[in-house]
Protein chains: 2
Amino acid sequence: MNLLLLEEADFIAADRVVLRDRRLVHMQDVHRAAVGDNLRVGRLGGLMGNAQLLRLEAGEAELHVSFDQPPPAKLPLTLLLALPRPKMLRRVLQTVAAMGVPRVVLLNSYRVEKSFWQTPFLEPEAVREQLILGLEQARDTVLPQITLEKRFKPFVEDRLPALTDGTLGLIGHPGDYPPCPRGLDEPVTLAIGPEGGWIPYEVDLLTRAGLQPVQLGARILRVETAVAALLARLF
Amino acid sequence: MNLLLLEEADFIAADRVVLRDRRLVHMQDVHRAAVGDNLRVGRLGGLMGNAQLLRLEAGEAELHVSFDQPPPAKLPLTLLLALPRPKMLRRVLQTVAAMGVPRVVLLNSYRVEKSFWQTPFLEPEAVREQLILGLEQARDTVLPQITLEKRFKPFVEDRLPALTDGTLGLIGHPGDYPPCPRGLDEPVTLAIGPEGGWIPYEVDLLTRAGLQPVQLGARILRVETAVAALLARLF
């Protein structure tokens with residue numbers, strides 16, 4: 001936690017917050033904070049700034065806060081991600097939030113096991129929890145928007161063309177394709193497949209929606225690693 | 001497991017192997033392999049090729065194997081990594097093996113907790129297990145070389161200059177530094193710090209050993225994400 005992320009319910013006045021939950025525990029156990037210490041804070045969806053610890057008791061801390069700094073810019077990216085297996089999903093959500101992805105579409109694919117859509121980790125509160133961990137890690141305040149699309153074909157045929165319009169559309173896909181471009185400034189729509197990859201039919205439909213396959217070399221990476229590698233290379 | 005990685009003990013003849021362990025279970029449960037199926041195989045430290053499943057019983061499988069293809073090239077890189085916390089260590093070892101890092105030095109730092117050096121995950125067999133998982137994921141056969149350096153100063157002062165000689169030496173470090181370069185062909189020595197980063201004294205010593213700080217932007221990434229992002233950007 002490199003940023004103490006504050007929500008509206010934490011505020012007892014415009015410049016005062018009281019914490020009682022895991023953030024308090026973290027402040028005590030990891031930061032070993034003491035009264036008078038300064039901490040970096042952010043207001044969820046808003047500015048970042050500084051806090052001074054005014055009072056620290058076993059179950060409660062009070063801080064004076066001020067906000068003066070915008071959060072870091074997001075990437076100009078919409079990420080389409082074949083729904084990963086539940087354990088991987090949690091880490092990927094942290095990774096996309098930490099790396100500054102503003103919009104993620106979790107998408108079905110032939111190689112996504114049906115059971116993955118039943119995981120409690122897809123509940124809005126569970127998704128939000130992982131995104132917050134990513135924002136706290138990277139020092140950002142703005143939650144990415146996460147959309148679930150359980151049916152591949154209607155999404156790709158009917159809604160994807162409008163999303164990709166005006167962007168460079170890319171499919172991260174192993175094979176004999178051009179290498180993934182580097183250091184772009186333009187907006188990108190990037191599709192990353194499931195373990196085992198998109199099937200040819202899916203690549204075909206994504207291509208018709210305006211995306212083109214690009215590759216990262218012969219090595220097959222886990223989804224979480226592929227996400228970090230593709231984003232770091234693109235931007 | 002995208003590659004069935006074979007060791008000398010698996011061979012019952014030059015072109016025959018028998019499997020009885022987790023690789024058999026994986027073949028059955030995940031690949032749902034049947035007699036006659038073809039699978040990608042690699043010989044640990046050697047070539048890759050194909051196997052045909054000759055015989056499949058509850059506790060044992062026999063395969064005919066042939067090898068004709070070199071493993072993918074490694075990155076021209078020596079990675080110095082402040083020892084991560086045990087849980088992260090395991091995933092980072094998989095990631096570096098999957099991404100093709102040939103040499104990793106796990107290094108002490110002021111912000112590495114002493115207890116991290118006591119973890120059973122640093123035992124040679126445990127390290128090897130994670131590296132093998134990374135090779136199986138990425139389809140590679142050559143184990144990275146992992147070295148442990150429990151004392152920062154003697155390593156950086158006495159041994160690091162010889163390692164960095166003839167390479168571009170970089171320190172991944174947040175702050176007001178030049179951006180990390182992109183798409184290099186030359187050999188690199190890259191140092192990645194612990195959670196919380198290198199302390200100024202350490203950056204100073206690394207700099208004297210020929211490394212220069214570079215940054216990836218304002219976002220603070222977890223070690224595993226930073227490794228993937230830095231490697232994908234550098235090469």
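Below, all heavy atoms of this structure are taken into account, side chains as well, without hydrogens, waters or symmetry copies. Chain letters run A, B, ... following the sequence lines, proteins first, then strands; residues in each count from 1.
For A/Arg103, the CZ atom sits in a packed shell: over 12 heavy atoms of surrounding residues, nucleotides or ligands are nearer than 6.0 Å. Other residues, nucleotides and ligands contribute over 12 non-hydrogen atoms within 6.0 Å of the CZ atom of B/Phe235. Summarising the local packing, CG of B/Asp21 is surrounded by more than 12 heavy atoms from other residues, nucleotides or ligands at distances under 6.0 Å. Counting non-hydrogen atoms of neighbouring residues, nucleotides and ligands closer than 6.0 angstrom, the CZ atom of A/Phe67 exceeds 12 such neighbours. Other residues, nucleotides and ligands contribute at most 12 non-hydrogen atoms within 6.0 Å of the CG atom of A/Asp185.
Options B/Gly217, B/Ala218, B/Ala226, B/Gly183 differ in how many heavy-atom pairs under 4.5 Å they form with chain A, and the most are formed by B/Gly183. Ranked by heavy-atom pairs under 4.5 Å with chain A, the first of B/Arg233, B/Glu195, B/Glu224 is B/Glu224. Of the residues considered (A/Ala138, A/Ala229, A/Pro72), A/Ala138 shows the highest number of contacts with chain B, using heavy-atom pairs under 4.5 Å.
Within the model, atoms CE of A/Met1 and CD1 of B/Ile220 stand 14.0 Å from one another, a figure rounded to the nearest 0.5 Å.
A side-chain contact (heavy atoms from CB on, under 4.5 Å) with B/Arg219 is found for one member of A/Leu135, A/Asn2, A/Asp140 and no other, namely A/Asp140.
The shortest non-hydrogen separation linking A/Ala232 to B/Ala232 is CB-CB, 4.5 Å. A/Ala98 and B/Leu221 get closest at one heavy-atom pair: O-CD2, 4.1 Å.
Contacts between B/Ala73 and chain A at a heavy-atom distance below 4.5 Å involve the backbone alone (N, CA, C, O).
Residues of residues 87-94 of chain A placed with any heavy atom under 4.5 Å of a heavy atom in chain B are listed by number as A/Arg91, A/Gln94.
For the pair B/Gln137/A/Arg222, a side-chain contact is recorded, criterion being any heavy-atom separation below 4.5 Å from C-beta on.
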